[in-house]
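Right, one structure below, let's go through it.
Keep in mind that the numbers below use all heavy atoms, side chains included, and drop hydrogens, waters and symmetry copies. Order of the sequence lines fixes the chain letters, A, B, ..., with proteins taken first and strands second; residue numbering starts at 1 for each chain.
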There are 2 protein chains.
Amino acid sequence: MGLTKTEIFTEEQNRLAIMLKALAHPARIAILQQIINANACICGDLVDELGLAQATISQHLKELKTAGLIQGTIEGVSVCYCIEPRAWKLLSSQLDEFFSLYKEPANCC
Amino acid sequence: MGLTKTEIFTEEQNRLAIMLKALAHPARIAILQQIINANACICGDLVDELGLAQATISQHLKELKTAGLIQGTIEGVSVCYCIEPRAWKLLSSQLDEFFSLYKEPANCC
DNA sequence: AATATCAATCGTAATATTGCGATATATATG
DNA sequence: CATATATATCGCAATATTACGATTGATATT
């Protein structure tokens, strides 16, 4: 065990869970906020800004990139990271949809 | 290590990450969808509906309850679970705010 | 070519998560 | 009170996550 039973859930449920997992860490939230704020960031900026080791930041960036939420472009020695607009909008709207499923408390327990 | 460095992030970043973590599992997404769909659910219904053991569903319900996303009311032998409206709305608007930080691709990399 | 700079990857330790069987607890019902 | 029903909790095994030092790789700079 210790392994999520993906096969019993829908594609959508699994995809949403994966994206949310990518967001579900304060460092990654902070990284995204920094990237948005600065329009683009390189790894070193984030290392200075947050108080985490370079290896740790790099690993978080990789997770965000794997999820598709950010993209990285090589720019000389450094790599410029910014938001991936499509994935961002898609996730945003999927979450909107999910949260709007719930309408006001009817006659709950 | 293996421990998140909460102290270097803001209260908001940590709270949002905790709530997202509670959502970031297909079983918990499915549970919430079921609860919303049926207006309220008891643990047994969810065990039948999803294909997970009773102990597993109970544990997921506990996590959702700890996060404050659902509430449970004892109803005879069973416990009736439903959405906690305040937490739901709060998270929804916090996510709205977070996602709206990003405005269109300016002159990115 | 040698060196500096920046980021990715490897390896490792500590901790967390996932899932379930077994058991405990708590409330109905006969 | 004994039994059935429903849920929670315990304990465990398998796996995943988090963090970082050390190293590697790749591009500039001198």
> Closest approach of B/Lys21 and B/Arg28, non-hydrogen atoms and distance?
Replying inline: O-NH2, 3.2 Å
> Once you round it to whole Å, what is the distance between P of C/dT18 and NZ of B/Lys62?
Replying inline: 14 Å
>> Without decimals, in angstroms, what is the distance between A/Asp48 CG and C/dA7 P?
In response: 9 Å
> Separation of A/Leu61 atom CG from C/dC6 atom P, in whole Å?
Replying inline: 15 Å
Between the protein and nucleotides 20-22 of chain D, which nitrogen or oxygen pairs come in under 3.5 angstrom?
unit_1, atom_1, unit_2, atom_2, d
D/dC20, OP1, B/Lys5, NZ, 2.5
D/dC20, OP2, A/Ala53, N, 3.1
D/dC20, OP2, A/Thr56, OG1, 3.0
D/dC20, N4, A/Gln59, OE1, 3.2

> Rounded to the nearest Å, what distance is computed from the CG atom of residue A/Leu3 to the P atom of nucleotide C/dG19?
Replying inline: 8 Å
> B/Thr73 versus B/Val79: any side-chain heavy-atom pair under 4.5 Å?
Replying inline: no
> How long is the line joining CG of A/Leu64 and P of D/dT17, in whole Å?
Replying inline: 13 Å
>> Does D/dT17 have OP1 or OP2 under 4.0 Å away from a side-chain N or O of A/His60?
In response: no
> Is any side-chain N or O of B/Tyr81 closer than 4.0 Å to OP1 or OP2 of D/dA6?
Replying inline: no
>> Expressed as a whole number of angstroms, how long is the span from B/Ile42:CD1 to C/dT27:C1'?
In response: 13 Å
> Quick one: are A/Gln59 and A/Glu63 in side-chain contact, heavy atoms under 4.5 Å?
Replying inline: yes
>> To check you understand the geometry: which heavy-atom pair defines the closest contact between B/Ile35 and B/Tyr81, and what is its length?
In response: CG2-O, 3.8 Å
> Do A/Leu46 and A/Leu61 come close enough that some side-chain heavy atom pair is under 4.5 Å?
Replying inline: yes
> Same hydrophobic cluster for A/Phe99 and A/Leu20, using side-chain heavy-atom links shorter than 4.5 Å among ILVMFWY?
Replying inline: yes
> If you find the nucleotide of DNA chain C closest to A/Thr6 and the one closest to A/Asp45, which residue's nucleotide is nearer the 5' end?
Replying inline: A/Asp45
>> Judged by each residue's nearest nucleotide on DNA chain D, which is more toward the 5′ side, A/Ala24 or B/Gly44?
In response: B/Gly44
> Looking only at heavy atoms, what is the nearest atom pair of B/Ile83 and B/Gln71, with distance?
Replying inline: O-OE1, 3.7 Å
> A/Ile57 has an atom CD1; how far is it from atom C1' of C/dA8, in whole Å?
Replying inline: 14 Å
>> Looking at C/dA8, I'd like to know if its phosphate oxygens (OP1 or OP2) sit under 4.0 Å from a side-chain N or O belonging to A/Ser58.
In response: yes
> Can you name the nearest heavy-atom pair linking A/Leu32 to A/Leu23, along with the distance?
Replying inline: CD1-CD2, 3.3 Å
> What is the distance, rounded to the nearest whole Å, between atom CG of A/Leu20 and atom C1' of C/dT17?
Replying inline: 16 Å
Name the pairs: protein N/O against N/O of nucleotides 25-30 of chain D, kept only if under 3.5 Å.
none

> Tell me, do A/Leu50 and A/Thr56 make a side-chain contact under 4.5 Å, heavy atoms counted?
Replying inline: no
>> Students often get this wrong, so: under 4.0 angstrom with heavy atoms, is B/Lys21 touching a base, only sugar-phosphate, or nothing?
In response: sugar-phosphate
